Protein chains: 2
Amino acid sequence: MTKYQEIATELINLIRSGTYRPWGAMEGEHMLAKRYQVSRATIRKALNVLKEQGYIHSRQGSGIYVNPEEFYQERLVFTMSDRYRRTSLDSKALKFKIEEATPEFDKLFNLGSDKRLVHYLRLRLFEKNPFTMEETWMPVELFPSLTKETLKGSIMKYMEELGYVISHDFKTISAVVLADQYAKPLHKPIGSLSLQITHHVYLLKSVLAQITIETQGDNVMNALSVREQ
Amino acid sequence: MTKYQEIATELINLIRSGTYRPWGAMEGEHMLAKRYQVSRATIRKALNVLKEQGYIHSRQGSGIYVNPEEFYQERLVFTMSDRYRRTSLDSKALKFKIEEATPEFDKLFNLGSDKRLVHYLRLRLFEKNPFTMEETWMPVELFPSLTKETLKGSIMKYMEELGYVISHDFKTISAVVLADQYAKPLHKPIGSLSLQITHHVYLLKSVLAQITIETQGDNVMNALSVREQ
DNA sequence: TGAGATTTGTACGTATGTATA
DNA sequence: GTATACATACGTACAAATCTC
């Protein structure tokens, strides 16, 4: 950990623990630099981390102010780190098959000689309550070691352990009516309205590694945008 | 404009005009600093703007690389600037009324003695095609000068012209079935699935200034998250 | 495989500009 | 007007990751 990261982590903990009050002022940069025995530039770098994550905002000539909780709770909905943090949640594999790719998938994944795809269905639970269903396809040629066991943990972590670097994740959100296959495991009535997010996860150089259709149990999703920091 | 902003703007134009190829390398920081006659710190600040907006990414020891178009096109879907940029679009006011607030709205807006709300319905068009419908409530005590004429322009700009500072915008996205009132103006069949975004727009100090229900014509919304910059 | 060069990242100190109180 | 506090900018040094020979 670098200095600015350590300071950022500590300041975030202070905010989360309530030491700094929402809308209240923080000590100035000079003061913080003196306290942590670093230069003002380092403090500014740490504060920048807090700004990016929505913990604070500042106004020139005025000071640094602590944001209320909603600012740093809701805004992460659409970041990739969100998917990473879900590792503490339970998973239940409902299906695990190796299939021949359809021509559409073959084209999307730009497959080589091995045309097989891992195709799985996974229910994700939070405190024993199902909240989302994932249907995923991944090329066997990239992930030959993928088994049903792997699904218990984080797929993202598994990909990184293999040495792959995840580059980006395209998401398409749309409204759907829950079909039988999804409604039952999610404990929802058939025909309920719900949100579906289709992920296209890419490795470096635009290599498509995973297509996931994530069907939510609940029909809500929150986001927050902040005008200025 | 500060130096780093000018450099950032110029570099963004170079990327958008295709001078730098997607996935290709940019000149190093030293080279750029020399060319623009500024310090490396200033170049890094400019490059940071490009990173935040998704134009480039960098890797220590390696270099600075230009992202493909999708990175800086899709990712703005959920930023507030998105709403600002829509000023070039046409608007058509379908309804404009001043109403007494219901108890629920009274509570939400934390109204004073004046319990009236402006309530309007606005269709937004892109090249004469309707793409979204907005139903909005705003307190009269905050916006006494708001008229049907104002709706032709940008409401956000109008709010700022009055001297208000917009702080943040909560969004709740959900799936809906299009009702008659929305389906017809959007040229969609009644009962179509669609996405609805409810905005709660706040001024400084958590003053709620606007509630807008934005109903999309199309049932898709794109987002992109990037692992590292 | 390893050593050295290159390139980005971190950190310091200082000076000046600019908005706010 | 004055003081305060954040914002910008410069120059330097070293660390760490990567690339190359």
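Computed from a predicted model, the values in this text were never measured in an experiment.
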Problem set entry | Flag, side chain of A:T212 to backbone of A:T136, donor-acceptor distance under 3.5 Å | no

For this session: Find the distance A:L47:CG to D:dA5:P and express it as a whole number of Å.
Result: 14 Å

For this session: Write down the distance between CD (B:E27) and C1' (C:dT8), rounded to a whole number of angstrom.
Result: 15 Å

Problem set entry | Distance under 6.0 Å and angle within 45° of ring axis: B:K45 vs B:Y4 | yes

For this session: Using atom CZ of B:R44 as one end and atom C1' of C:dT8 as the other, report the distance to the nearest whole Å.
Result: 6 Å

Problem set entry | Assigned partner base of D:dG1, Watson-Crick or wobble definition, under 3.5 Å | none

Exercise. Could B:E134 and B:R124 be called an ion pair, given the rule that one side-chain N must be under 4.0 Å from one carboxylate O?
Worked result: yes

For this session: Could you run through nucleotides 11-21 of chain C and give me one letter per nucleotide, 5' to 3': B if any protein heavy atom sits under 4.0 Å from the base, S if only the sugar-phosphate is that close, - if neither?
Result: SB----BBBBS

Seminar exercise, completed: Between NE2 of B:H30 and C1' of C:dG9 the distance, given in whole Å, is 11 Å

For this session: In whole angstrom, give the distance that lies between atom NE2 of B:H57 and atom P of D:dT18.
Result: 12 Å

Seminar exercise, completed: Tightest non-hydrogen contact, residues B:P22 and B:P68, listed as CB-CA, 3.8 Å

For this session: Rounded to the nearest angstrom, tell me the gap between atom CE in A:M26 and atom C1' in D:dC6.
Result: 14 Å

Exercise. How close or far is atom P of D:dC10 from atom CD of B:E29, stated in whole angstroms?
Worked result: 14 Å

Exercise. Between the side chain of B:E214 and the main-chain N/O of B:M133, is any donor-acceptor distance below 3.5 Å?
Worked result: no

Exercise. Is it true that the side chains of A:E135 and A:H119 contain a donor and an acceptor less than 3.5 Å apart?
Worked result: yes

Problem set entry | Euclidean distance, atom CD1 of residue B:I7 to atom P of D:dT8 [Å, nearest integer] | 13 Å

